[in-house]
Amino acid sequence: MMERRRIKEENAIVLDFLPNGYPFDTRPIHKKTSIVQAIGKKTFVLLELVPKRGIHLQPHNEVYIGDGKREEIHHIVGKLSLDKLTHTGRTELNFIISKLVDENESRFIEFFNSAQPLTTRMHQLELLPGLGKKHMWEIINRRDEKPFESFGDLKSRVKLLPNPKKSIEKRIFSEIEGNEKYKLFVE
C-alpha cells in the first residue's frame with residue numbers, strides 16, 4: 001500500500017454555524033461558545049471549530065485554519081464524526097463535496113492517471129463505486145496510450161464508464177462515513 005504523509009489542512013469550508021453552540025449543551029448560555037462545523041478543502045476531514053467573538057459565518061464560507069494568523073477562527077476543537085453533524089451540516093456536505101471535486105478536477109484526474117494496485121488481487125480504481133475489473137483494465141490501457149485530461153475525456157475514452165465525478169463523490173462520502181478499509185481521499 002502507498003505510504004501517505006499527513007497533510008496539514010490550511011482551509012476549511014463551513015458546513016454549519018451554531019452561534020449559541022450545540023442545543024444539547026446544558027451549560028448556561030454565557031458559558032457556551034459558538035461552533036463552526038466545517039470540512040477540510042484538501043483532506044475532506046470534518047472539523048469542529050470555534051470562531052472568534054463577534055464573527056458570524058454562513059455555510060459555504062471558506063475559513064483559514066492554518067498555523068498563521070487566523071481572521072475568523074479562534075481555535076480548532078478537533079475532528080468531528082459524521083453523526084455529530086447538524087441537519088444543515090449534513091445537507092450542505094453533499095453540495096460542498098461536489099463543489100470541491102469540481103474545483104480540484106485535475107487532482108482527481110491525476111488519481112485515474114496514477115492509481116496503483118493495492119494487492120495482487122485489488123487495484124485502487126476498483127475501490128470507486130461502479131468500477132470493476134473491466135473498467136479498471138480499460139482505464140489502465142487508455143491512460144497508457146495518453147493520460148486523461150478531464151472527466152469528460154475519461155468518460156469519452158472508456159466505454160460505458162459510470163460518471164467518474166459521481167464515483168469520486170460517492171467514494172469521498174463513504175470514506176467520511178467510516179465505511180472504508182482503504183482511504184483514497186479522506187484523512
Side-chain angles (χ1 to χ4, degrees), residues 1-16 35-49 59-60 62-63 65 76-140 142-143 148 150-155 158-187:
M1 180 142 166
M2 283 191 325
E3 187 66 31
R4 291 189 60 146
R5 52 187 203 284
R6 301 234 350 117
I7 300 170
K8 186 135 172 76
E9 199 62 71
E10 294 284 315
N11 295 293
I13 307 289
V14 174
L15 296 170
D16 197 8
I35 296 289
V36 175
Q37 294 184 335
I39 184 169
K41 273 187 83 171
K42 286 185 194 151
T43 61
F44 299 100
V45 65
L46 295 177
L47 297 166
E48 186 173 320
L49 314 169
H60 299 268
E62 185 172 330
V63 292
I65 57 169
I76 300 167
V77 177
K79 286 186 178 181
L80 189 64
S81 62
L82 188 64
D83 60 319
K84 233 182 146 187
L85 267 186
T86 61
H87 181 69
T88 303
R90 264 186 178 272
T91 305
E92 297 301 326
L93 186 61
N94 290 321
F95 294 115
I96 291 174
I97 288 173
S98 181
K99 181 179 161 203
L100 290 172
V101 170
D102 277 340
E103 288 174 1
N104 298 290
E105 182 175 354
S106 59
R107 169 186 168 193
F108 298 107
I109 288 301
E110 182 54 34
F111 168 78
F112 282 101
N113 285 328
S114 61
Q116 298 295 314
L118 290 167
T119 66
T120 53
R121 292 174 174 261
M122 180 159 313
H123 198 280
Q124 285 179 321
L125 291 171
E126 291 178 88
L127 298 179
L128 295 177
L131 266 71
K133 296 254 184 244
K134 285 183 180 178
H135 285 126
M136 174 201 72
W137 283 114
E138 182 119 11
I139 289 169
I140 290 169
R142 296 283 179 255
R143 79 180 186 194
F148 298 109
S150 67
F151 288 134
D153 181 32
L154 175 62
K155 186 108 173 83
V158 179
K159 289 193 283 299
L160 301 173
L161 182 71
N163 184 333
K165 179 183 176 288
K166 290 284 179 222
S167 292
I168 297 272
E169 290 170 13
K170 285 179 186 171
R171 177 64 195 198
I172 290 168
F173 194 78
S174 186
E175 287 182 27
I176 288 172
E177 287 179 316
N179 297 338
E180 303 298 339
K181 178 180 175 184
Y182 298 105
K183 302 263 186 179
L184 298 175
F185 308 113
V186 178
E187 277 294 314

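A quick note: this is a predicted structure, and the numbers were derived from the prediction, not measured.
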[atom1]-[atom2] distance between [X] and [Y], expressed to the nearest 0.5 angstrom:
X: F151; Y: L161; atom1: CZ; atom2: CG; value: 10.5 Å
X: K42; Y: R107; atom1: NZ; atom2: CZ; value: 9.5 Å
X: S114; Y: R143; atom1: OG; atom2: CZ; value: 7.0 Å
X: E169; Y: I96; atom1: CD; atom2: CD1; value: 12.5 Å
X: I35; Y: L49; atom1: CD1; atom2: CG; value: 8.5 Å
X: F148; Y: E105; atom1: CZ; atom2: CD; value: 13.0 Å

(request) Taking side-chain hydrogen bond (donor to acceptor under 3.5 Å, both in side chains) as the test, write out the residues that go with T86, two or more places apart. (result)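 T86 satisfies side-chain hydrogen bond (donor to acceptor under 3.5 Å, both in side chains) with D16, Q37 only.
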
(message) Can you list everything that forms a side-chain hydrogen bond (donor to acceptor under 3.5 Å, both in side chains) with S81? Sequence neighbours excluded, please.
(response) D83

How close do [X] and [Y] get, heavy atom to heavy atom, and via which atoms?
X: L131; Y: I139; value: CD2-CD1, 3.5 Å
X: L80; Y: E48; value: CD1-OE1, 3.3 Å
X: A38; Y: A12; value: CB-CB, 3.8 Å
X: S98; Y: K165; value: OG-NZ, 2.8 Å

(request) Give every residue pair that meets the ring pair (Phe, Tyr, Trp, His ring centres under 6.0 Å) criterion with at least one member in residues 97-122, sequence neighbours excluded. (result)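 Applying ring pair (Phe, Tyr, Trp, His ring centres under 6.0 Å) to every pair that reaches into residues 97-122, excluding sequence neighbours, yields F108-F185, F111-F185.
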
(request) Please confirm whether the backbone N or O of R171 pairs with a side-chain atom of E180, one donor and one acceptor, at under 3.5 Å? (result) no

pair [X]-[Y]: side-chain heavy atoms closer than 4.5 Å:
X: K166; Y: P129; result: no
X: I109; Y: D153; result: no
X: I172; Y: L100; result: no
X: I39; Y: I97; result: yes
X: E187; Y: E9; result: no
X: V36; Y: L47; result: no
X: Y182; Y: Q124; result: no
X: K41; Y: E10; result: no

(request) Please say whether more than 12 non-hydrogen atoms of neighbouring residues, nucleotides or ligands are located less than 6.0 Å from NZ in K155. (result)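 Buried by this count: over 12 neighbours within 6.0 Å.
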
(message) A quick test of your reading: do over 12 heavy atoms of other residues, nucleotides or ligands sit less than 6.0 Å from NZ of K134?
(response)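 Counting other residues, nucleotides and ligands, NZ of K134 stays at 12 neighbours or fewer.
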
(message) Consider side chain to side chain contact (heavy atoms under 4.5 Å, CB included). Of H135, M136, R142, which one does E138 pass it with?
(response) R142

(request) Before giving the answer on side-chain contact (heavy atoms from CB on, under 4.5 Å), spell out for L46 and K84 the whole-Å C-alpha distance, their side-chain angles and the decisive distance to 0.1 Å. (result) CA-CA 10 Å; L46 295 177; K84 233 182 146 187; over 6 Å; no

